[in-house]
Amino acid sequence: MTRRSCGALRARDAGSRVELCGWVHRRRDHGGLIFVDLRDRDGLTQVVFDPQHAAFAPAEHLRSEDVLRVCGLVRKRPQGTENAKLGTGEVEVAVEELEILNRSLVPPFQVNVDENADESLRLEYRYLDLRRPRMQRNLTVRHRIIKAMRDFFDERDFLEIETPLLIKGTPEGARDYLVPSRLYPGSFYALPQSPQLLKQICMIAGFGRYMQIARCMRDEDLRSDRQPEFTQLDVEMSFCTQDDVLETMESCIGNVWKRVLDVELAPFPRMTFSDVLERFGTDKPDLRFGLELAVVDDVFAGTEFVVFRSVLESGGAIVALRFPGGAALSRREFDALTEEAKLLGARGMVWVALGVDGIKSSAQRFVEERHAAALAKRLGAERGDAVLLFADDRVAALGVAGKMRVEVARRTGLRRADAFAFCWITDFPYLEIDAETGKPVPAHHPFTEPAPGEWDLIERDPLRMRAQHYDMVLNGYELGSGSIRIHKPELQRRIFEMLGMTAQQIDEQFGFFVRALDYGAPPHGGMALGIDRIAMLACGEESLHEVIAFPKTQTARDLMMDAPAPASEKQLRELQLRPQPRA
RNA sequence: GGCGCUGUAGCUCAGUUGGUUAGAGCGCCGCCCUGUCACGGCGGAGGUCGUGGGUUCGAGCCCCAUCAGCGUCGCCA
């Protein structure tokens, strides 16, 4: 008698006696014969109860999700009753012994059917939701991804080093989750937004090659692709160039896709930030389809059309997007599309339908055959397509056109669910103008090394300075960023000063780090990739909820545990905390 | 924090212009059935429509507020 999983048995096992443990997936009671599909993580096996055995009577009262141990004889199913849909479908187990290990209440939603429950109900009864095939499959894929990553870096002589969860907060960046200190009332640990400084210190400590599957927390609002608590593949290397990091991370992902999904990835295209913005209107382009944007100021040079003319005169741009087959849209549909564009931030939208019987446009009087021909040529559009035009200041027009590009692709079915289009974005600007203060601030984090030979721009033309910073993008999602770090203490202080920090502030907040740089910090760089997003896309899912065992809702609650929850008086007293009455 | 969508039976949903006893499928309960696998057949129970207020002779439907889930903008160095 051997224990087997519910997905294991095959025709060759016929004749052996086995023990199976699992949940009642479904029961089919024929009166004189009862079939039960027994389920575990591995699959389903049909077990049969025959009236000749003592197990038959209790089997009449089995219900969905009861937990069983059965023993019996594996036998081939009678000819013609095999089930090709099941891996175990050639055989069944004739039950000789039944033990009901536990009963289940009637579940609040059907566990044996995918896709039928409300999100909040699934989260409240997450243990039942996780029993379902979809979540079992997704979490298995997630496990394999993480395993493949660890194996890959182990093979390359990286060391996994755990960094603490209770650390010192940083005022910059995302909002910290704070943990009050009992021993130091009024003081707080912060939970890491990332192990950034700690992994850099690991380089200073001489470990050379670090990786970690790291939990990170950010107290910001959620999205379907953003959780307050997430897992990242965190990597750092010493004595490396940007190309070294890119090669390492690309190989890692290539390995993961090969080992987990058996998909051979092509080399990732590399694009500069300014290039990708011009072509796709975003720094995280979805490259599963073309539909590249075109700036068509020249096509409309000297136009009488007041909207375009005023934008051009004020230094703005007109950005064109091809809509394959879009000429078939009705005016009503174009109007709806225009509204959609406005919701995405467009000031307006001009459409040009390149119909077989001529041109139609929302700016009919100003769009002539020569305009249409020029647009078609620039975009590679054909008769039957439409062209959408957005006029605004350059960045805004590109941005809206970029969002509409994705919408057009969605409508025309160009976003293939089974395609994986990775790319690298490089040469980001080092600084951007802070919208509130109008001052230049680092576009990413302040530990990034400027592009080679561009340090001196910090005095002359800081906004032209580029960063040795890079993003990995997949299907329009940012998977993660990395950079070559500053390793010279004086340069690091320089950046902090540019941020407006005094020497004292630098010492209070980052003193430990700058001091570490003072003691022989090697040149180093690295990257972090969001494992939740990687798992989501690898599983073909559109929400992180589907690849995280116990996710938070959009309001950062755990519906199963009902967290967060108030602390007891005793706990608050010990921490010397007192909740403020609500204003 | 702003805007939007959703909330009706255990679950997924339908519910006409506000008008008697709020429907369906699945699930559940009972009976029957020895080859089903979304088993089948017969019968049955079950909801006052997220919550609170308002308009009205009358509200699932209209209005206001509120809660929850989701989407989106802000935010995410």
Side-chain angles (χ1 to χ4, degrees), chain A residues 25-39 44-52 56 60-61 63-65 75 77-86 88-89 92 94 104-125 128-129 170-176 193-194 196-197 216-228 230 339-340 342-345 403 428 430-432 434-436 440-448 467 469 478 481 483 495-496 499 501 509 530 542-543 545 551-557 559 562:
Chain A
H25 187 70
R26 211 170 242 124
R27 187 178 66 112
R28 292 178 294 280
D29 185 344
H30 287 239
L33 195 64
I34 299 170
F35 300 100
V36 167
D37 292 333
L38 202 62
R39 183 194 67 234
L44 294 178
T45 299
Q46 173 167 283
V47 302
V48 189
F49 294 88
D50 197 279
Q52 292 144 7
F56 186 82
E60 289 189 292
H61 301 107
R63 293 293 180 268
S64 288
E65 302 310 312
R75 66 186 182 204
R77 296 191 184 192
Q79 190 133 35
T81 66
E82 299 88 353
N83 186 346
K85 283 187 259 176
L86 290 183
T88 61
E92 63 192 10
S104 171
L105 295 177
V106 175
F109 53 84
Q110 282 178 258
V111 175
N112 55 18
V113 180
D114 263 334
E115 315 278 6
N116 69 337
D118 178 75
E119 186 88 32
S120 51
L121 201 69
R122 290 177 59 197
L123 293 178
E124 186 180 347
Y125 296 91
L128 295 177
D129 190 40
T170 54
E172 300 292 326
R175 194 178 291 117
D176 284 324
Q193 298 179 24
S194 118
Q196 181 64 35
L197 294 180
C216 306
M217 295 82 172
R218 294 180 187 175
D219 189 4
E220 297 291 346
D221 285 356
L222 289 76
R223 291 286 187 280
S224 59
D225 64 348
R226 226 164 64 194
Q227 284 272 312
F230 57 99
E339 283 312 305
E340 205 154 330
K342 284 181 179 169
L343 283 175
L344 294 172
K403 288 176 186 164
F428 282 82
Y430 199 96
L431 301 168
E432 63 186 16
D434 184 89
E436 280 177 31
V441 294
H444 293 90
H445 64 57
F447 314 107
T448 301
H469 175 105
E478 183 191 318
S481 323
S483 61
I495 292 288
F496 287 141
L499 280 170
M501 294 172 72
Q509 289 168 26
E542 290 184 346
S543 168
H545 286 194
K552 306 276 189 292
T553 67
Q554 201 172 65
T555 46
R557 288 162 48 77
L559 295 180
D562 198 21

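Hydrogens, waters and symmetry mates play no part in the numbers below; they use all other heavy atoms, side chains included. These figures come from a predicted structure and were not determined experimentally.
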Whole angstroms only, please: what is the [atom1]-[atom2] distance between [X] and [N]?
{"X": "A:Gln554", "N": "B:G1", "atom1": "CD", "atom2": "C1'", "result": "13 Å"}
{"X": "A:Leu128", "N": "B:G27", "atom1": "CG", "atom2": "P", "result": "17 Å"}
{"X": "A:Asp118", "N": "B:U8", "atom1": "CG", "atom2": "P", "result": "8 Å"}
{"X": "A:Asp225", "N": "B:C70", "atom1": "CG", "atom2": "C1'", "result": "14 Å"}
{"X": "A:Leu38", "N": "B:C37", "atom1": "CG", "atom2": "P", "result": "19 Å"}
{"X": "A:Phe49", "N": "B:U34", "atom1": "CZ", "atom2": "P", "result": "17 Å"}
{"X": "A:Asn83", "N": "B:C39", "atom1": "CG", "atom2": "C1'", "result": "12 Å"}
{"X": "A:Leu86", "N": "B:U36", "atom1": "CG", "atom2": "C1'", "result": "12 Å"}

Tell me which nucleotide, if any, is Watson-Crick or G-U wobble paired with [N] when both distances must be under 3.5 Å.
{"N": "B:G30", "answer": "B:C42"}
{"N": "B:C57", "answer": "B:G19"}
{"N": "B:G47", "answer": "none"}
{"N": "B:C5", "answer": "B:G69"}
{"N": "B:C37", "answer": "none"}
{"N": "B:A14", "answer": "none"}

Scan [X] against the nucleic acid and name what it touches under 4.0 Å (heavy atoms): base, sugar-phosphate only, or nothing.
{"X": "A:Ser543", "result": "nothing"}
{"X": "A:Leu559", "result": "sugar-phosphate"}
{"X": "A:Pro446", "result": "base"}
{"X": "A:Leu44", "result": "nothing"}
{"X": "A:His25", "result": "nothing"}
{"X": "A:Glu82", "result": "base"}
{"X": "A:Pro442", "result": "sugar-phosphate"}

Gap in Å between the two [atom1] atoms, one belonging to [N] and one to [M], rounded:
{"N": "B:G50", "M": "B:A22", "atom1": "P", "value": "16 Å"}
{"N": "B:G40", "M": "B:C26", "atom1": "P", "value": "8 Å"}
{"N": "B:A24", "M": "B:A14", "atom1": "P", "value": "16 Å"}
{"N": "B:G46", "M": "B:G23", "atom1": "C1'", "value": "13 Å"}
{"N": "B:U48", "M": "B:A38", "atom1": "P", "value": "35 Å"}
{"N": "B:C61", "M": "B:U6", "atom1": "C1'", "value": "16 Å"}

At what distance, to the nearest 0.5 angstrom, does [atom1] of [X] lie from [atom2] of [Y]?
{"X": "A:Arg26", "Y": "A:Asp37", "atom1": "CZ", "atom2": "CG", "answer": "7.5 Å"}
{"X": "A:Asp225", "Y": "A:Glu478", "atom1": "CG", "atom2": "CD", "answer": "10.0 Å"}
{"X": "A:Asp176", "Y": "A:Arg218", "atom1": "CG", "atom2": "CZ", "answer": "10.0 Å"}
{"X": "A:Arg28", "Y": "A:Ile34", "atom1": "CZ", "atom2": "CD1", "answer": "11.5 Å"}
{"X": "A:Asp129", "Y": "A:Leu121", "atom1": "CG", "atom2": "CG", "answer": "9.0 Å"}

Between [options], which nucleotide has the shortest distance from any of its atoms to the side chain of [X]?
{"X": "A:Arg26", "options": "B:U72, B:G69, B:A38", "value": "B:A38"}
{"X": "A:Arg223", "options": "B:G69, B:C75, B:G10", "value": "B:C75"}
{"X": "A:Pro51", "options": "B:U34, B:G69, B:G27", "value": "B:U34"}
{"X": "A:His30", "options": "B:G35, B:G69, B:C28", "value": "B:G35"}
{"X": "A:Arg75", "options": "B:G35, B:C28, B:G69", "value": "B:G35"}
{"X": "A:Arg63", "options": "B:C29, B:G27, B:U72", "value": "B:C29"}
{"X": "A:His545", "options": "B:C70, B:C28, B:G69", "value": "B:C70"}
{"X": "A:Glu220", "options": "B:U12, B:G69, B:C76", "value": "B:C76"}
{"X": "A:Asp29", "options": "B:C33, B:G69, B:G35", "value": "B:C33"}

Quick one: is [X] getting a side-chain N or O under 4.0 Å of the [N] phosphate, OP1 or OP2?
{"X": "A:Gln46", "N": "B:U36", "result": "no"}
{"X": "A:Lys403", "N": "B:U72", "result": "no"}
{"X": "A:Arg28", "N": "B:U36", "result": "no"}
{"X": "A:Arg27", "N": "B:U36", "result": "no"}
{"X": "A:Thr81", "N": "B:U36", "result": "no"}
{"X": "A:Thr553", "N": "B:G69", "result": "yes"}
{"X": "A:Arg175", "N": "B:C75", "result": "no"}

Pair A:Glu65-A:Arg39, salt bridge (Lys or Arg N to Asp or Glu O under 4.0 Å): steps then yes or no
CA-CA 9 Å; A:Glu65 302 310 312; A:Arg39 183 194 67 234; 2.8 Å; yes

Mark yes when over 12 heavy atoms from residues, nucleotides or ligands other than A:Glu542 sit less than 6.0 Å from its CD; otherwise mark no.
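Atom CD in A:Glu542 is not packed in, count stays at 12 or less.
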
Any N/O donor-acceptor pair, [X] side-chain to [N] base, under 3.5 Å:
{"X": "A:Glu92", "N": "B:G35", "result": "yes"}
{"X": "A:Arg226", "N": "B:C75", "result": "yes"}
{"X": "A:Arg218", "N": "B:C75", "result": "no"}
{"X": "A:Asp221", "N": "B:G74", "result": "yes"}

Can you tell me if A:Gln227 uses its side chain to pair, donor with acceptor, with the backbone of A:Leu222 under 3.5 Å?
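Looks like no, no N/O pair under 3.5 Å.
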
With a 3.5 Å distance limit and no angle check, can you tell me whether A:Arg122 reaches the backbone of A:Leu128 through a side-chain donor-acceptor pair?
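Not at all, since once roles are kept as given, no pair shorter than 3.5 Å links the two residues.
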
Judged by each residue's nearest nucleotide on RNA chain B, which is more toward the 5′ side, A:Glu542 or A:Val48?
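Whichever sits nearer the 5' end wins; that is A:Val48.
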
Mapping A:Gly80 and A:Pro108 onto RNA chain B by nearest heavy atom, which one lands closer to the 5' end?
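Nearest-nucleotide comparison on RNA chain B picks A:Pro108.
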
Side-chain touch A:Pro442/A:Leu499, heavy atoms, less than 4.5 angstrom:
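They are in side-chain contact.
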
A:Phe109 stacking on B:C11: centroids under 5.5 Å, ring planes under 30°?
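No; by the centre-distance and plane-angle rule, A:Phe109 does not count as stacking on B:C11.
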
